[in-house]
Amino acid sequence: MAAASLDPPVEAPAISRLTDSHGRVIHDLRVSITDRCNYKCVYCRTGENGAQYPELRIDEYLRLIELFVSLGITKVRLTGGEPLLRRGLLDLIRDLARLRTYDGRRPDIALTTNGHLLDSLAAPLKAAGLARVTVSMDAVDEPVFERITRVPGSFQSVLAGVRAARAAGLTPLKINCVLLRGFNDDQVEGFARFARDEDVIVRFIEFMPLEEGRLWSPEIVVTLKEIVNRIGRVLPLVPLPAHEASETARRYTFADGKGEIGIIAPVSQAFCGACSRVRLTSDGKIRTCLFSQIEHDLYGRMRAGAPNEELRAWIVDTIKGKEARHHIGESGFLKPSRSMVHIGG
Ligand code: SAM
């Protein structure tokens, strides 16, 4: 008996890949499916219930993502806001898992979450077709963690979520930690141990000027160099080769080869030259750079009835205009009109 065939893609994939005018191939799409969040991390949100952007229906996200996949996107990362708050998430992942990339494979489907609801959702997410999760966790010390999230009980929920994700096979499991001087920079060494004890990849991210309030300054950023020096004093680090040219993290293991940490240094060692990413906001706007000053209303065109061919041509054109690089730290730098929680990290 012939094996059951997988559902075919809605339309045949286009042959050409998405490229920008700087010669970069764009293969990584980040999609925010809500900008609501159940945490109020001090470096991200003000703590007020500020402006909210509209959300699309789940089938609308699917149609938009399908367009990108047909143009050569191979990695889709769902984010927010907090994506686990979004009703219909499992259906979306199931449908995404049926898509095929230009080379006939299933897209690499990942998700970034604060982990608060992951304990009960990890196994269903895996069963739906999710490959990996990245959990954001900014301290290994409970009181420090909850001073940042401003949600009592959040540390134990996230720890349970991390362990459930690992048990469900949502691996390799990455933990993202944004370091801020004076808030959680004392957690660096603890995280190095956590990476080894919990068998997770901890990635430190330099704080970028994308917060709702006005916290960012060059002095508050804990740089790659400083992190490597601090960990190295406790546990000597050995650099690891990059998996691919567009990898954002510098990777290290420890002298005994057990455990991995990564450092993402968009501020002190920008990696724009190898950027392969483009973003879709929860209200269906394309952002070609985290720091874009303009957004491109893809959903508006779809709603107005544009056929897929026209939308594809418009996406190809839009991506051509991707910015060469960001200008953090330069005079005249302008923060984008939306903060990270509303763009989709
Ligand atoms: N709620 C999910 C979460 O917590 O991972 C997804 C959205 S959150 C905006 C995505 C990531 O962006 C988190 O890892 C968060 O720490 C990071 N982030 C938020 N603001 C940032 C900033 N200003 N600089 C660097 N990373 C930031």
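Worth saying up front: this structure is predicted, and the values here are computed from it rather than measured. Every number for a ligand or one of its atoms is a count from 1 in the order of the listing.
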Cation over ring face, R338 and Y53, 6.0 Å, 45°: yes

Any nitrogen or oxygen of Y43, side chain or backbone, less than 3.5 Å from one on ligand 1? yes

If you measure every N/O of T112 against every N/O of ligand 1, is any gap under 3.5 Å? no

Could you tell me the residue and atom name of the protein heavy atom closest to atom 24 (N) of ligand 1, and the distance to it rounded to 0.1 Å? M208 N, 3.0 Å

Heavy-atom closest pair, residues H342 and D35: ND1-OD2, 2.5 Å

Note: ligand 1 atoms sitting under 4.0 Å from heavy atoms of F207 are 22 (C), 23 (N), 24 (N)

Can you tell me which portion of T134 lies within the under-4.0 Å heavy-atom range of ligand 1? Options are side chain, backbone, both, or neither. neither

Regarding E211 and S339, do their side chains bring together a donor and an acceptor under 3.5 Å, going by distance alone? no

Is it true that S292 and E323 share a donor-acceptor pair across their side chains at a distance under 3.5 Å? yes

What residue and heavy atom of the protein are closest to atom 26 (N) of ligand 1, and at what distance? V178 CG2, 3.5 Å

Test log, rule side-chain contact (heavy atoms from CB on, under 4.5 Å), inputs L29 and I65: CA-CA 8 Å; L29 175 70; I65 296 170; 4.3 Å; yes

Out of all atoms in ligand 1, which are within 4.0 Å of some heavy atom of G80? Include the element for each. 7 (C), 9 (C)

With a cut-off of under 6.0 Å to the ring centre and 45° to the axis, is R45 in cation-pi contact with Y39? no

Which ligand 1 atoms, with their elements, are less than 4.0 angstrom from a heavy-atom of S136? 3 (C), 4 (O), 5 (O), 13 (C), 14 (O)

Is any NZ, NE, NH1 or NH2 atom of the basic residue among R36 and E82 found under 4.0 Å from an Asp or Glu carboxylate oxygen of the other? no

In ligand 1, which numbered atoms sit nearer than 4.0 Å to a non-hydrogen atom of T79? 6 (C), 7 (C)

Check ligand 1 against T113 and write out every atom of the ligand that is under 4.0 Å from a heavy-atom position of the residue. 2 (C), 3 (C), 4 (O), 5 (O)

If the cut-off is 4.0 Å to any non-hydrogen atom of G345, which atoms of ligand 1 fall inside it? 10 (C)

Does a donor on one side chain sit under 3.5 Å from an acceptor on the other, for R147 and N184? no

Report the nearest protein non-hydrogen atom to atom 19 (C) of ligand 1: residue, atom name, distance rounded to 0.1 Å. M340 CG, 3.4 Å

Is it the case that the ring center of H327 lies less than 6.0 angstrom away from the ring center of F291? no

Please could you name the atoms of ligand 1 that G81 approaches to less than 4.0 Å, counting only its heavy atoms? 1 (N), 2 (C), 6 (C), 7 (C)

For E206, atoms of ligand 1 separated by under 4.0 Å from a heavy atom: 25 (C)

